[in-house]
Protein chains: 2
Amino acid sequence: MGKITLPFEQPVTAADKTFIKLRADIVEGDLAAGQKLSEAELSTKYGVSRAVVREAMNRLESSFLVERKANVGARVATLSVEGLIELYQVRESLEGMAARLAAKNMTDKEIADLNKLLSKHFDKVKDGESYYQEAGDLDFHYRVILGSKNQHLIDMLINGIYHLVRMYRVQLGMAGPRVTTAFDEHKHIVQAISNRDEELAEMLMRRHILYSKNNIENKLISMQSN
Amino acid sequence: MGKITLPFEQPVTAADKTFIKLRADIVEGDLAAGQKLSEAELSTKYGVSRAVVREAMNRLESSFLVERKANVGARVATLSVEGLIELYQVRESLEGMAARLAAKNMTDKEIADLNKLLSKHFDKVKDGESYYQEAGDLDFHYRVILGSKNQHLIDMLINGIYHLVRMYRVQLGMAGPRVTTAFDEHKHIVQAISNRDEELAEMLMRRHILYSKNNIENKLISMQSN
DNA sequence: CGCCCCTATATTGTCTACAATTTACAAAAC
DNA sequence: GTTTTGTAAATTGTAGACAATATAGGGGCG
């Protein structure tokens with residue numbers, strides 16, 4: 001379902017597990033945005049030593065989910081309109097390139113699967129289940145990113161900023177009027193990829209993300225004025 | 001000079017220093033590409049405990065300079081044609097966006113300074129000192145990136161992939177026939193930024209990096225056939 | 001002779017204790 | 001009453017010891 005992570009070949013080490021748990025708790029808002037993260041507290045809470053907590057927090061910092069200051073400590077990332085805009089500017093840039101490369105590098109079979117995924121999601125949304133949009137949208141973007149076959153790009157998006165994107169979405173309670181609109185945009189992007197039209201695929205993906213940003217941004221602003 | 005790092009507010013902690021030293025040694029090739037990095041060895045070599053070596057290596061991993069496998073160890077990143085291409089695709093995407101945002105967000109004073117930097121470099125290169133091209137080019141890109149005023153973008157580029165770019169350059173012994181050509185491209189980019197033409201600034205930056213990639217790529221391929 | 005398994009060694013992962021720094025609080029000076 | 005300064009508590013940074021895992025080598029078995 002919302003299987004976004006694809007974390008590790010084998011999520012073995014304790015630091016790995018703690019990292020994943022912490023990340024989930026942050027994204028879901030269980031650990032509130034901006035909150036101070038005490039190493040000792042987390043150590044007892046997750047039943048591991050401070051060393052592995054520190055290791056996990058290092059990785060979380062690389063994902064922009066926590067901010068650390070030397071000798072002071074770590075805080076959960078804070079959400080803001082400015083931060084959201086900056087994040088989506090990066091997304092627009094990177095995912096635009098991902099779509100371009102996907103049009104170039106995806107196999108015919110992968111493209112066929114992408115089409116299948118799309119129509120499957122469409123069937124579900126037809127019945128008004130807007131929850132699926134969230135997972136479906138992420139799935140779609142996820143596949144295009146992997147389709148780029150560019151490891152750096154994949155790392156930066158999947159392990160880097162995508163969990164922060166999820167954090168914004170979850171904590172804003174997404175699922176909105178953009179459901180059907182977004183589906184049309186997805187469809188056009190896939191068409192461009194199917195036609196191996198790199199230029200168009202990039203342009204459509206960039207616009208899609210730009211629209212998405214404006215949508216969330218409006219929601220966030222209206223929430224602030226409550 | 002080649003002051004690329006802008007490391008920390010105050011580079012205080014031992015892990016910070018070790019991280020910076022290790023990074024320099026990797027970029028300069030003092031620690032060879034692909035080489036195994038033993039925590040114990042590095043610990044004695046740099047005169048710190050294994051804990052700080054591990055902390056430093058975690059950060060190096062985030063910068064794509066070392067690769068770690070659980071229970072196996074860390075290696076210095078390996079250089080390859082494919083890796084270079086992927087890296088420059090990411091650069092093209094992110095720095096293109098940076099140029100766009102710089103055209104939007106740089107102050108008039110910052111743009112004036114950028115112009116000054118450019119003519120200063122031009123004077124030096126006129127006298128055939130090609131070394132300055134390396135530092136000058138990085139300086140130029142550095143300023144545009146900062147001019148974007150997008151913290152995520154800045155982090156990903158400056159702390160993220162830029163040291164890997166330097167590693168490729170240093171170990172390929174850059175400084176080539178592209179010196180004057182690149183200067184023209186820089187000039188045009190600055191002109192677009194001065195005119196606040198976001199669209200053109202992005203396009204020119206992307207082409208500039210694309211050309212640069214082709215240049216280095218050719219060099220790398222000709223080296224392989226030796 | 002080649003393959004597999006088992007053991008010894010080395011390396012990484014984790015834990016606990018100690019050192020250094022920051023933060024909070026209170027007392028003293030203005 | 002406000003500000004400054006010194007001391008105590010709490011938190012992070014660092015070090016070293018122990019546990020778990022992977023690697024290499026040798027011996028046994030087919």
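In what follows, chains carry the letters A, B, and so on, assigned in the order in which the sequence lines appear, proteins first and then strands, with residues in each chain numbered from 1. Not measured: the values here are computed from a predicted model. When reading the values below, keep in mind they use all heavy atoms of this one structure, side chains included, and skip hydrogens, waters and symmetry mates.
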Let's go through A/E41 and A/Y46 carefully: what are the C-alpha distance in whole Å and the side-chain angles of both, what is the deciding distance for side-chain hydrogen bond (donor to acceptor under 3.5 Å, both in side chains) to 0.1 Å, and is it a yes or a no?
CA-CA 9 Å; A/E41 271 183 41; A/Y46 293 94; over 6 Å; no
Are OP1 or OP2 of C/dA10 and a side-chain N or O of B/K36 less than 4.0 angstrom apart?
no
How many whole angstroms separate atom CD of A/E61 from atom P of D/dG13?
10 Å
Kindly say if A/R68 contacts the phosphate of D/dG13, meaning a side-chain N or O under 4.0 Å from OP1 or OP2.
yes
From the set C/dT23, D/dT14, C/dG13, return the single nucleotide nearest to any side-chain atom of B/A70.
C/dG13
Side-chain heavy atoms of B/H141 within contact of B/R91, under 4.5 Å:
yes
Calculate the interatomic distance between B/F19 atom CZ and D/dG13 atom C1'; express it in whole Å.
17 Å
Donor-acceptor pair, side chain of A/N215 and main chain of A/Y211, under 3.5 angstrom:
no
Minimum-distance nucleotide (side-chain atoms of A/A14 versus C/dT14, D/dT12, D/dA22)
C/dT14
Tell me whether the centres of the aromatic rings in B/H121 and B/H186 are closer together than 6.0 Å.
no
Is there a donor-acceptor pair under 3.5 Å between the side chain of B/T78 and the backbone N or O of B/A33?
no
For atom NZ of B/K17 and atom C1' of D/dG13, their distance in whole Å
12 Å
In residues 41-58 of chain A, what residues come within less than 4.0 Å of DNA chain C, judged by heavy atoms?
A/V48, A/S49, A/A51, A/V52
The criterion is salt bridge (Lys or Arg N to Asp or Glu O under 4.0 Å); which residues satisfy it with B/D30, sequence neighbours excluded?
none
B/L37 CG to C/dT12 P: how many Å, rounded?
9 Å
Whole angstroms only, please: what is the CG-P distance between B/N71 and D/dA19?
16 Å
A/T13 side chain near C/dT14 phosphate (N/O to OP1/OP2, under 4.0 Å)
yes
C/dT12 P sits how many Å from A/D16 CG, rounded?
16 Å
Interatomic distance, CG@B/L87 vs CG@B/L79, rounded to 0.5 Å, equals 10.0 Å
